[in-house]
Number of protein chains: 2
Amino acid sequence: MSLNDRKIQILQAIINDYIETAEPVGSRTIAKKYNLGISSATIRNEMSDLEEMGFIMQPHASSGRIPSDLGYRLYVDHLMKKRELSLEEQGYLQSVISRDISQIDYLMEETARVISSLTNYTSFISEPVGQRARIKQIRLLPLDMVSVLLVIVTEDNFMKNHVIKLGVVPDEDKIFEIGMYLNRAFQGCALQQIGREVISRLQIQLGEYSELLRPILRALQATMDAAEKVQLHMSGARNILAFPEFSDISKAKSLFQTLEEKDVLVTLLEESKSNDLQVLIGSENTVQSMKDCSVITATYKLSDDTRGTIGIVGPTRMDYSQVISVLNGMVQNIEKVLRNLTDDNRDG
Amino acid sequence: MSLNDRKIQILQAIINDYIETAEPVGSRTIAKKYNLGISSATIRNEMSDLEEMGFIMQPHASSGRIPSDLGYRLYVDHLMKKRELSLEEQGYLQSVISRDISQIDYLMEETARVISSLTNYTSFISEPVGQRARIKQIRLLPLDMVSVLLVIVTEDNFMKNHVIKLGVVPDEDKIFEIGMYLNRAFQGCALQQIGREVISRLQIQLGEYSELLRPILRALQATMDAAEKVQLHMSGARNILAFPEFSDISKAKSLFQTLEEKDVLVTLLEESKSNDLQVLIGSENTVQSMKDCSVITATYKLSDDTRGTIGIVGPTRMDYSQVISVLNGMVQNIEKVLRNLTDDNRDG
DNA sequence: TGTTAGCACTCACTTAGCATGAGTGCTAAT
DNA sequence: ATTAGCACTCATGCTAAGTGAGTGCTAACA
């Protein structure tokens, strides 16, 4: 029993119909709707074969067939037509570019919003991450009568500011001087490299301002912790409720729970970072509450090792073709915007 | 017809029972469960009166009664017992304090999480906002070969960093010098005050680095825009699905939609900022999709004009007493943590 | 005059039974 | 190899009857 052309046509018809209607597809529907030139009885025989091969299944005896995860897999890998973005969709993507987006988190929010409103699935996006472990700049600034501001920037421009309250605030010159020293001491360092020796040398150097030592070390730790925690933006979670697959509230609830625990998503995005495009169908997902979902992710690159990921979650019955084209379009979009983000300041 | 003691007892019984069971309460239930020393027939008569007065209502003829919004209002204003936090709850709140919380957004996230897990409602919290319009510090730092870093801090320590890419990056001394000048020029300024004159003076001062002018002005604008946009953290949205009130998916969907549009919530929190505690019951809410919900908000203060708000959304049938005690406990908690947030660095 | 027992009535909810229709698998004819 | 025909399955929708929680009303009672 081989997967001949006709079987593939029928499988394709089943998948298309099921994606559209969310109802099990019967042989007669196919015979009427898709002009394959064969009768429903023949289709029935072929469907029986397709089921035996594991590409489709029956929710219950005497109902139509629905695609199995394996069926979707075949579809995604070989059958699916690459869809071009419609004008409307392109325009929508453009509208994100054209706006004056100057802050990365705002860009992330907007991107997630656009993807979910275009696809009607739940979308998420992680910020571009590269060389975070290494310190690029660490500076001390005057803030007010009781505190100073410590600014830490990592190699990939992830940055965090820390307010440090002091008993005695040094004068401006002294603050800058300490800042300079800190910078010389830590520039290029990974956190793990900061050993006893460096710390005690720093303590001596700080002299009467040695009370700065502990908050500085703590700020470094906090920055590195935060840097390791990938920022994730999500949008359109409510879309889940619109799909008949989740009309069972308890299912929707458990998926929501997973989505609220960002760790799971972060892991997922991290794992998919090495692939340009990744499609996980149903049971291919390792997370239990996502066994009925498909997750599609696409990776955007700023440089070889500075990457982020965008993705969507939806029912396995999803419009793979559309989602993939939207994600691809969006990857190009983000890469363009991110490249311009800082350049723009020059001539904008 | 007056609201005598017995009527109040009965109303209280109805509300208590309904909060617990989510089922309409009948006269016989009250007679059996609450020993008021009167028969179900008498209770029926009183209930009839209470309905006429608008405190309770029947979902349909020949069903038990449920409290009306007016009934809840009376309950919240006069009948409700102030509940103390249980040991378990107190412990839970403590667990948030005791952790090393050094970043304000992390504190916000954690607080929202704790509130929603204690109450099982959806919680949200806005960051403390005070004198944001006025610039406290504005500094320029070296970043790398092609860009400099502009740090802007407002009076209430809201801060934002901006990467500015340049054709020619000045040397460190020059960068600091320009930074000093910027700081002198803008310190204490509100954005609106920055007029032509200041700008042209700045341009002259920048001299060969006048390409800095536009990105700086843009960064100022962006910072002020972001400062005005109140940061909001939400948690436990999925809890909504657990309540029978929202077993109708379409209702849940429209509420989700509202919650995802943060603007609505921000407005809501802003409006309630002048009250220490605010309870909006059902139809008292102005937002359509929240007409079946109650919103409880509490305001925390760092100083007279630096405030933020925490709140929860749930079905009108909610445990007002518990929520209020949790929110009050949390307000104290936040105020304490925020006051310590920066001090901590001194001795921690 | 307030309270209570009793009774008729209402209405949501459940269950069972029946009809319907979409769909399958099998068989025999083409 | 294909197809028409037929028996069979099963989800779904509809109706009718039964159940039970609850009310309102009335008449009797303290």
Side-chain angles (χ1 to χ4, degrees), chain A residues 1-11 13-15 17-18 20-68 71 244-245 247-248, chain B residues 1-11 13-15 17-18 20-68 71 244-245 247-248:
Chain A
M1 186 165 49
S2 74
L3 199 58
N4 57 23
D5 241 35
R6 197 168 65 185
K7 281 195 179 60
I8 285 178
Q9 278 187 312
I10 291 172
L11 179 59
I14 292 172
I15 293 177
D17 216 69
Y18 186 64
E20 192 186 330
T21 66
E23 295 292 327
V25 188
S27 56
R28 238 181 120 238
T29 312
I30 297 179
K32 269 192 293 184
K33 228 164 134 180
Y34 304 80
N35 296 314
L36 303 182
I38 46 178
S39 78
S40 68
T42 311
I43 294 173
R44 269 203 291 287
N45 290 331
E46 297 288 38
M47 280 165 91
S48 179
D49 291 354
L50 282 170
E51 182 164 11
E52 208 175 310
M53 290 188 261
F55 294 117
I56 56 179
M57 53 200 257
Q58 280 182 295
H60 57 86
S62 96
S63 81
R65 303 307 209 291
I66 62 173
S68 67
E245 280 86 345
S247 60
D248 175 7
Chain B
M1 188 163 50
S2 73
L3 201 58
N4 58 24
D5 243 33
R6 196 168 66 186
K7 282 195 178 63
I8 286 179
Q9 279 188 311
I10 292 172
L11 179 58
I14 292 172
I15 294 178
D17 216 70
Y18 187 64
E20 192 186 328
T21 65
E23 295 292 327
V25 188
S27 54
R28 243 183 116 238
T29 313
I30 296 178
K32 269 191 292 185
K33 227 164 136 180
Y34 304 80
N35 295 314
L36 303 182
I38 48 177
S39 78
S40 68
T42 310
I43 294 172
R44 270 202 292 286
N45 290 331
E46 296 287 38
M47 280 165 89
S48 179
D49 290 354
L50 282 169
E51 180 163 12
E52 210 176 309
M53 288 190 262
F55 295 117
I56 55 179
M57 53 200 258
Q58 282 182 294
H60 58 86
S62 95
S63 82
R65 303 305 211 291
I66 61 173
S68 66
E245 280 87 345
S247 60
D248 175 7

Any residue meeting side-chain hydrogen bond (donor to acceptor under 3.5 Å, both in side chains) with A:Thr21, in chain and number order, not counting sequence neighbours
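With neighbours one apart ignored, the set is empty.
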Counterpart residues, side-chain hydrogen bond (donor to acceptor under 3.5 Å, both in side chains), relative to B:Ser68 (two or more places apart)
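With neighbours one apart ignored, the set is empty.
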Rounded to the Å, how far apart are [X] [atom1] and [N] [atom2]?
| X | N | atom1 | atom2 | answer |
| --- | --- | --- | --- | --- |
| A:Lys33 | C:dA22 | NZ | C1' | 15 Å |
| A:Glu23 | C:dA22 | CD | C1' | 11 Å |
| B:Met47 | C:dT4 | CE | P | 16 Å |
| B:Arg6 | C:dT4 | CZ | C1' | 11 Å |
| B:Asp49 | C:dG2 | CG | C1' | 12 Å |

Below 4.0 angstrom, which residues in residues 35-42 of chain A have at least one non-hydrogen atom near DNA chain C?
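Heavy-atom contacts with DNA chain C come from no residue of residues 35-42 of chain A; none.
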Show me the protein contacts with nucleotides 27-30 of chain C, counting only N or O atoms at under 3.5 Å.
none

Under 4.5 Å between any side-chain heavy atoms of B:Ile38 and B:Ile10, yes or no?
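A side-chain contact exists here, since the closest heavy-atom pair is under 4.5 Å.
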Can you confirm whether A:Asn4 is buried at CG, in the sense that more than 12 heavy atoms of other residues, nucleotides or ligands lie under 6.0 Å from that atom?
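Counting other residues, nucleotides and ligands, CG of A:Asn4 exceeds 12 neighbours.
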Atom pairs and distances, side-chain donor-acceptor, residues 59-67 of chain A, under 3.5 Å, sequence neighbours left out:
unit_1  : atom_1 : unit_2  : atom_2 : d
A:Ser63 : OG     : A:His60 : O      : 3.1
A:Arg65 : NE     : A:Glu51 : OE1    : 2.8
A:Arg65 : NH2    : A:Glu51 : OE1    : 2.8

Please list, chain by chain and in numerical order, all residues satisfying side chain to side chain contact (heavy atoms under 4.5 Å, CB included) with A:Asn45, sequence neighbours excluded.
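Expected list: none.
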Any residue meeting side chain to side chain contact (heavy atoms under 4.5 Å, CB included) with B:Ser39, in chain and number order, not counting sequence neighbours
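Applying side chain to side chain contact (heavy atoms under 4.5 Å, CB included) to B:Ser39 gives B:Ala41, B:Thr42.
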Strictly by salt bridge (charged side-chain N to carboxylate O under 4.0 Å, His left out), give each pair with a member in residues 20-30 of chain B just once, sequence neighbours left out.
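For residues 20-30 of chain B: none.
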Pairs meeting criterion salt bridge (charged side-chain N to carboxylate O under 4.0 Å, His left out) with involvement of residues 38-47 of chain A, two or more places apart:
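Those involving residues 38-47 of chain A are A:Arg6-A:Glu46, A:Lys7-A:Glu46.
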Segment of DNA chain D, first to last nucleotide, that comes within the 4.0 Å heavy-atom reach of chain A
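Extent of the interface on DNA chain D: D:dT2 to D:dA11.
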Distance (rounded to the nearest 0.5 Å) between B:Leu50 CG and B:Leu11 CG:
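Between B:Leu50 CG and B:Leu11 CG, I get 5.5 Å after rounding to 0.5 Å.
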For DNA chain D, find the residues of residues 55-63 of chain A with a heavy-atom distance under 4.0 Å and give them by number; none if there aren't any.
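The answer is A:His60, A:Ala61, A:Ser62.
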Name every donor-acceptor pair, under 3.5 Å, that has one atom in a side chain of residues 30-37 of chain B and the other anywhere in the protein, sequence neighbours excluded.
unit_1  : atom_1 : unit_2  : atom_2 : d
B:Lys33 : NZ     : B:Asp17 : OD1    : 2.7
B:Tyr34 : OH     : B:Asp17 : OD1    : 3.0

Check A:Gly26 against A:Met47 and note the closest heavy-atom contact, atom names and distance.
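Reported closest heavy-atom pair: C-CE, 4.3 Å.
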Side chain to side chain contact (heavy atoms under 4.5 Å, CB included) evaluation trace for B:Phe55 with B:Leu3
CA-CA 10 Å; B:Phe55 295 117; B:Leu3 201 58; 3.8 Å; yes
